[in-house]
Structure formats: C-alpha cells, structure tokens
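What follows is one structure encoded as structure tokens, with my remarks underneath.
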2 protein chains.
Amino acid sequence: MTNQQAVLDLLDIVEYGGCAEPERFFALMRRTFNIAHLLYLEAEPLSDGLKVCRLHHTFGAYAAEIYLSRGLYRIDPILKLALGGVRPVEWATARRRFPECEPLFEAAEEIGLSTEGVALPLPSPAGRLALLAISANMSPAEWATYRRCHLRDFQLAANLFHASMLEHSAMAGALDERDLRLTGRETEVLTWSAAGKSYWEIATILGISERTVRFFMTNARRKLNVVSNTQAVAQAVRHALIPTI
Amino acid sequence: MTNQQAVLDLLDIVEYGGCAEPERFFALMRRTFNIAHLLYLEAEPLSDGLKVCRLHHTFGAYAAEIYLSRGLYRIDPILKLALGGVRPVEWATARRRFPECEPLFEAAEEIGLSTEGVALPLPSPAGRLALLAISANMSPAEWATYRRCHLRDFQLAANLFHASMLEHSAMAGALDERDLRLTGRETEVLTWSAAGKSYWEIATILGISERTVRFFMTNARRKLNVVSNTQAVAQAVRHALIPTI
DNA sequence: AATTAAACTGTCACTATCGACAGTTACATG
DNA sequence: CATGTAACTGTCGATAGTGACAGTTTAATT
C-alpha cells in the first residue's frame, strides 16, 4: 500500500499548479505510485477520425513507432471507449470484449509492456476529448487490488493535471487573442445572430436601428478577421467570445 | 476521518452498478461521508441559455423555489465555472472572486444551508455538460481538511455515478441523438459555411451544384431545428458536430 | 483641451440566403 | 420488389446580408 500522506501531498501539488509540465507530472506520479507508464491524450473528433491536439507519454519512441507503423490506433478499443465514454476503461476488460484488438496487446507483450492498466476519460471543453491512461507491471490479481485502492487518486490527479494543461494553453492563447476583444454591443449582436435572429429582429430586441446592428456586426467581422456573420459566429463560439449559458 | 474501508466499498458499489438511482447514490454518499447536501446536474448549452437535461438534489423544494424565484441561477458563478471548466470549483473561492453573486450565498445562509462546498465538473458526451456539487456543514477550516482528504473520493464517485446515469439513459437518449445525426455532406457544407464560404464557393469546392449545397444546408437546419445558417453553425460548433479548423 | 473608443444613424447597390415548388439517381435493407 | 436514405438538381420570388459612402454624440483618458 502506498503512503497516504504522499498521495495527499501529490494531489495538493497538482491542484495548486506545481505540475503543469507533463514530464514533471509523470515523474511525480511514478515516484508516488507503482506506475509503469502514463499517457495523456487530448484530441478533437473529426468526421474521418481524430485530430490529436496534445499527446504526452512515457512509453518511448520505439513503442510509439510500433503503434503507428502497425496502425494499431485503428483497432485500439481503449481510445474509442475512453474518448467516447465517461467510465474508466479497464485494459483487460477491453481486451476481452474486443477480440479483434488482440494484435495491440500482443504487440505490447512483445516489447515488454504491461497489459494491465486503466484509461480515465477527462472532462473537456466543448468539442474536445481527453484521457489519461495508467499502466502497471503487475499480475491481474495485484492490479485489481491496487486499482481498487488508487483509482480515486488517479482520477483526481488526472482531472487536476488536465485542468492545468488547459489553463496553461489558455494563457498562451490569450496573447494571440489580445486584439480579439469585442465590445459589449458587438458581443450582443453576435450572440443574437448565433440565436438565429435577423438584423431587424436584433435591432428590435436591442432598441436600436437596423443600421446600427449592421455597424456592430461589421466591426465584429473586421476584428475577428472573417468574411461573413456565419463565420464570425463560428469563431466566437469556438473562442468562447459569446456566452454559451 | 472517515472509515477508509467504507469509502472503498462505496466506490465499488457505485462502479459496479449498485447506484443508478440518484436517491440511493445520495443516501449512500451521505451515509459514508459527512455530507450535508448533493446536487447532480446534466445540461445542454443552448444559444439562449441552458437546457437542463437532468437535475437531482437534496436541497428540498423550498430552497429550489427560492433559487428559481429570485433568479439566482443567473448570477450563480458555480454553475458557470463548473459547467464551463474542468477544475473543481470551491464555493468559497467563487464567492470571493465574484462579489456580484453575494445574494446567492446570503440566500443560502438565510435558509440555513452551508456555504462550504465544491462542484465537480464531469466528463460528458459531445454537447453535454454535467456537474456534481457537494456541500458540508463545517467551518471553513474543517472543510479545508475534510476536502483535502476526500476530494478524490468525491471525484471518482461522481464520475462513476455519472457514468451509470448516462448508461441507464443510453437507450432512451439514443432517439434524441438519431435525429441530431448529420450526414457526411451536411457536415461538410456546415464546415465550409463556418469557414466563411458562400453557397457558390462550397459548390465549387465540393464539385456539386449550388442548389445541392442549399439542399444539404436546409436539411442540416431542419435537423438542428434552427432558422438560419448562422444559427446552425453556432449549434454545430457547440455540439462539436463539425471539426475545428 | 485634445484624443480616443464606443455607441449610434442614413442611403445605395449588389450579393447571398431561404422557403416552396418539383423532381432523378444510387444503394442498402427488409 | 418495396421502402428508405443519402446524394443530387432546377427555378422563382422574397428577405437578409454586405460593403462603401458619410456622418453625430457621449464618455473616458491623456
């Protein structure tokens, strides 16, 4: 059993921002728990697959090479289950339920990687998906006991680390968007436009002239560097410039 | 300190499906931890607000009445932070950061509810948001110690309960998603429209007639239940139906 | 006192969009 | 073979959006 005090300390460190770099977080996790490997993935679903936004792991270049060159991502049920669901995905369970993914686990055994682990789905902003996978070099029985005891620690640590990662990228992105600041009226007309209102309707709602609505909308388009109201609204929603709630 | 064995037992019960009903989960949580109240919310962001998909709580009818009649949901920073973010939201921190939400906390104190608590964002399928809020009748100092020890339990229990809720409604909810499923072409024209392209441009890009672009767009508008391309794109971006460019 | 930013308004001409009309073709599923 | 679904197309008329022209007013900052 792992030292409970060390676990709580780890959670404090991750929560209060001491682990915004994946390497430090991974190292801290491996030091505190009996973890073999970690993998953090942030992706965006596309119609024809997944766009990987962030990927950090400890499996090494050789394992990554094999995973990619053999096209194992195409049959990986853990990816699909964890990114498409909410419940922690047990590797062994996925292996049993999807016999077609055997090549993946065989490849793992071939290069000496553990096949016991769990993938934790993480809450993400709209349109994003994320997971943290954790594996350990243990027998199935050992892993079951270990997992029962520490899944809660993994889940919270994963959530907090993920939050740090997102906030860090928000800082970096904030500089780019310094001139993207919209005025109150610009935000209002965009919001109503996103709600399907026409210029005339927005003018009536805001108690101003239709021309003025067009004026704000034109300014918003110019600031967002787009050519249509539709594109402006798409950008505004993506950058959370107009309220979702 | 709470009995660790009881905590692990609770997590087992929630994980293995023993707590698909909110009342049983809430009761089990209150029995295991020193929790005053719980609130589970599942919602969908809309252009003109928030559509509540599921709401279960232990605050009682009187508190709900006050919350709604005074319009406190409009100033509630916890809702916004937890549904819009990833990090656990500490009630006291939200109160300090958003002085305009004082009426909310004053109302809570008025009817004898605790103002110490935390709201946990939960991972959700595309276009959905969810949170579990937990409060305790403790002094700030007690709460800090208690939270440090049990946040991991709350987080994992919340995730597992949320997963049960989603899986239970998977059958019923499948009907809603079927209507909202866009075809490949509908997704394509929406994507290009969100990129600022006109019908003529999209037609040229896809190598089809302008009329056909309009056909797909009309179908998309109908499925999304909106009145303009702009609103359709806003919805599609929010529901992650089209890829980010 | 000068400057700046935001909020506001009008008109003209052109293009884009949208709803309603009425179809064809291809492919899979029962 | 019927049924359904997706992909496709044409035309008309009404409404909405877009850019370029040329301004006023108010409030805060320098």
Side-chain angles (χ1 to χ4, degrees), chain A residues 46-49 177-237 239 241-243, chain B residues 47-48 174-237 239 241-243 245:
Chain A
L46 294 182
S47 49
D48 56 342
E177 291 161 22
R178 64 196 174 281
D179 268 341
L180 232 71
R181 259 179 38 254
L182 301 176
T183 69
R185 283 305 209 190
E186 285 157 7
T187 305
E188 278 184 286
V189 296
L190 271 178
T191 304
W192 285 114
S193 186
K197 305 300 179 189
S198 70
Y199 283 161
W200 183 87
E201 291 172 307
I202 299 170
T204 306
I205 291 165
L206 299 181
I208 57 182
S209 81
E210 197 173 324
R211 176 62 186 87
T212 308
V213 176
R214 281 176 44 205
F215 172 75
F216 293 133
M217 195 65 91
T218 303
N219 288 341
R221 278 197 306 273
R222 188 179 37 73
K223 285 187 183 174
L224 295 172
N225 196 30
V226 299
V227 298
S228 71
N229 289 356
T230 300
Q231 193 183 6
V233 162
Q235 284 283 79
V237 172
H239 292 83
L241 300 174
I242 58 178
Chain B
S47 47
D48 55 343
L175 229 114
D176 292 337
E177 300 226 358
R178 218 170 297 156
D179 291 342
L180 216 76
R181 225 182 44 232
L182 301 176
T183 69
R185 284 304 210 191
E186 285 157 8
T187 306
E188 278 183 287
V189 296
L190 270 179
T191 304
W192 286 114
S193 186
K197 305 300 180 190
S198 70
Y199 283 161
W200 182 87
E201 290 172 308
I202 298 171
T204 306
I205 291 167
L206 298 181
I208 56 182
S209 82
E210 198 174 323
R211 176 63 186 83
T212 307
V213 176
R214 281 177 44 205
F215 172 76
F216 293 133
M217 195 65 92
T218 303
N219 288 341
R221 278 198 306 272
R222 186 178 39 74
K223 285 186 184 176
L224 295 172
N225 196 29
V226 299
V227 298
S228 71
N229 290 356
T230 301
Q231 192 183 6
V233 162
Q235 284 283 73
V237 172
H239 289 64
L241 300 174
I242 59 177
I245 303 201

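So you know, we letter chains A, B, ... as the sequences are listed, proteins then strands, and number each from 1.
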Rounded to the Å, how far apart are [X] [atom1] and [N] [atom2]?
| X | N | atom1 | atom2 | answer |
| --- | --- | --- | --- | --- |
| A/Tyr199 | C/dT9 | OH | C1' | 15 Å |
| B/Lys223 | D/dT5 | NZ | P | 10 Å |
| B/Trp192 | C/dA16 | CH2 | C1' | 19 Å |
| B/Glu201 | C/dT15 | CD | P | 14 Å |
| B/Leu190 | C/dT17 | CG | P | 13 Å |
| A/Asn229 | D/dA16 | CG | C1' | 10 Å |
| A/Gln231 | D/dG17 | CD | C1' | 14 Å |
| B/Leu206 | D/dC8 | CG | P | 8 Å |

Listed partners of B/Leu206 passing side chain to side chain contact (heavy atoms under 4.5 Å, CB included), at least two apart: B/Arg185, B/Glu188, B/Val189, B/Trp192, B/Ile202, B/Ile208
In Å, rounded to the nearest 0.5 Å, how long is the span from CD1 of A/Ile242 to OG1 of A/Thr191? 5.0 Å
Closer than 4.0 Å, any side-chain N/O of A/Arg221 to the OP1 or OP2 of D/dG19? yes
With a 4.0 Å cutoff (strictly under), does any side-chain N or O of A/Thr183 reach OP1 or OP2 of C/dA7? yes
Given DNA chain D, 5'-ward residue of the pair B/Thr230 and B/Gly184, judged by closest heavy atom: B/Gly184
Does [X] reach the main-chain N or O of [Y] with its side chain, forming a donor-acceptor pair under 3.5 Å?
| X | Y | value |
| --- | --- | --- |
| B/Glu186 | B/Thr183 | yes |
| A/Glu201 | A/Ser198 | yes |
| A/Gln231 | B/Ala194 | no |

Please list residues of residues 208-220 of chain A whose heavy atoms come under 4.0 Å from any atom in DNA chain C, ordered by number; otherwise none. A/Ile208, A/Ser209, A/Arg211, A/Thr212, A/Arg214, A/Phe215, A/Phe216
